[in-house]
Amino acid sequence: MIAAGRYGRAVSGILLAYKNHGHVDIGSPVAAALAGALHHGIADLAGTQASAEHPVLLVPVPGRSSSRRRRGYDPLMLLLSRLDRADSLPAGTVLVPAVQQVPARTRLGTALARTSVRAAVRGGMATALAGWNGGQKGLGRRRRRTNVLFSMTALERGRKGLVGRSCVIVDDVLTTGATINEVYRVLHSSGASVLGAVVVAATSPPAGGGRSALPARSPGSFSAAPEAPGRSIELPEVLEHGGVNKTYL
């Protein structure tokens, strides 16, 4: 997992203004931070695997349809499309929105099929209705993982194209890793190899969280880089010095 920097006070203000208040005019420094992290991340995660003949797929975390309608745009895809048009994505990569959100009604049906009625009413239904209740903010790590489980699926038209392909997941902000975990689940179950993930900024897990809920390191999966014994990792704020501070989580 590689982040451009820490989701501190200054950065959160910029990202929230960009994402939630329509200030797409301040997208340049955010895009610069993401570009820096992507170039660093592909060099580290993909190495020689990235080539024009066999490009690494950059797979963005999909936004909810309700959020796109409310904002009028998809903040992450706007950044990535901007970099793509400017030919600023890392060499040997291609932007592929291969994952989509599952409609809440479909999630409810899946929850009912997987569990008893009582369990679905108690847990599965609450999870299925999360799309209407509004996001992950304020939830602990365990609830975030439950909230997004089976909330995404591969786009049908591109599912076959994922088999055997190397992918890097891209998101804007990392909190617990629950959303990235869900994209990992979809890609892995579709036959892709997930090399890792790149984000603009990373924050500490919310209350009840503990460490980030990333998959344990195994073939085709990834984990946060281990901390040095006896100290925590302090990520620098992004958007300073041209927005290209890069660091490992």
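Bear in mind that the values here come from a model prediction, so they are computed numbers and not experimental data. All residue numbers in this chain count up from 1 along the given sequence.
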Would you say Pro62 and Asp74 make side-chain contact, with heavy atoms under 4.5 Å? no
Looking only at heavy atoms, what is the nearest atom pair of Gly92 and Ala50, with distance? O-CB, 3.5 Å
Identify, with sequence neighbours excluded, every residue that meets side-chain contact (heavy atoms from CB on, under 4.5 Å) alongside Pro60. Leu76, Met77, Leu80, Leu95, Pro97
So, using side-chain contact (heavy atoms from CB on, under 4.5 Å) as the criterion, who are the partners of Ser28 when residues are at least two apart? Arg82
Can you tell me how far CG of Asp84 sits from CG of Leu89, rounded to the nearest 0.5 angstrom? 5.0 Å
Listed partners of Ser51 passing side chain to side chain donor-acceptor pair (under 3.5 Å), at least two apart: none
List for me each residue that meets side-chain contact (heavy atoms from CB on, under 4.5 Å) alongside Thr153, sequence neighbours excluded, and say none if there are none. Gln100, Val102, Arg159
With sequence neighbours left out, write down each residue that passes side-chain contact (heavy atoms from CB on, under 4.5 Å) with Ile26, or none if nothing qualifies. Ile14, Ala17, Tyr18, His23
Please find the pair of heavy atoms, one from Ser190 and one from Val163, that lie closest to each other, and give the distance. O-CG2, 3.5 Å
Under 4.5 Å between any side-chain heavy atoms of Val148 and Ser151, yes or no? yes
Please collect all salt bridge (Lys or Arg N to Asp or Glu O under 4.0 Å) contacts where either partner lies in residues 160-169, sequence neighbours excluded, each pair once. none
Find out if a path of hydrophobic residues (ILVMFWY) with successive side-chain heavy-atom gaps under 4.5 Å connects Leu79 to Val24. yes
May I ask you to test the Val200-Val173 pair for a side-chain heavy-atom distance under 4.5 Å? no
With sequence neighbours excluded, residues passing salt bridge (charged side-chain N to carboxylate O under 4.0 Å, His left out) with Glu53: none
Any salt bridge (Lys or Arg N to Asp or Glu O under 4.0 Å) pairs touching residues 14-38, not counting sequence neighbours? Lys19-Asp172
Gap separating the CG atom of Leu45 from the NE2 atom of His40, nearest 0.5 angstrom: 8.5 Å
Closest heavy-atom contact between Pro90 and Thr93? O-OG1, 2.6 Å
Going only through I, L, V, M, F, W and Y residues with side-chain contacts under 4.5 Å, is there a path from Ile180 to Val96? yes
Nearest heavy atoms of Tyr7 and Ser12, plus distance in Å: CZ-CB, 3.4 Å
Any donor and acceptor pair, going by atom type alone, linking the side chain of Thr176 with main-chain N or O of Ala178 inside 3.5 Å? yes
Would you indicate whether Arg70, at its atom CZ, is surrounded by more than 12 heavy atoms from other residues, nucleotides or ligands within a distance under 6.0 Å? yes
Beyond-backbone contact of Val194 with Ile169, side-chain heavy atoms, under 4.5 angstrom: yes
State, with a plain yes or no, whether a side-chain heavy atom of Ile2 is found less than 4.5 Å away from one of Leu38. no
Using salt bridge (charged side-chain N to carboxylate O under 4.0 Å, His left out) as the criterion, list what pairs up with Asp171, not counting sequence neighbours. none
With heavy-atom distances below 4.5 Å as the criterion, would you say the side chains of Cys167 and Leu57 are in contact? yes
With sequence neighbours excluded, residues passing salt bridge (charged side-chain N to carboxylate O under 4.0 Å, His left out) with Arg71: none
ILVMFWY cluster, Leu78 and Val30 together (side-chain gap under 4.5 Å): yes
Given Val170 and Val61, is the side chain to side chain contact (heavy atoms under 4.5 Å, CB included) satisfied, shown in steps? CA-CA 6 Å; Val170 186; Val61 170; over 6 Å; no
Do the non-hydrogen side-chain atoms of Val59 and Val168 ever get within less than 4.5 Å of each other? no
Tell me, please, which residues at least two apart from Ser166 pass side chain to side chain donor-acceptor pair (under 3.5 Å). Gln49
Nearest 0.5 Å, what's the CE-CD distance between Met152 and Gln101? 4.5 Å
Take Leu58 and Ile42 through the side chain to side chain contact (heavy atoms under 4.5 Å, CB included) test and state the conclusion after the steps. CA-CA 10 Å; Leu58 301 178; Ile42 291 300; 3.9 Å; yes
Any pair counted as salt bridge (Lys or Arg N to Asp or Glu O under 4.0 Å), so long as it reaches residues 182-202, sequence neighbours left out: Glu182-Arg185
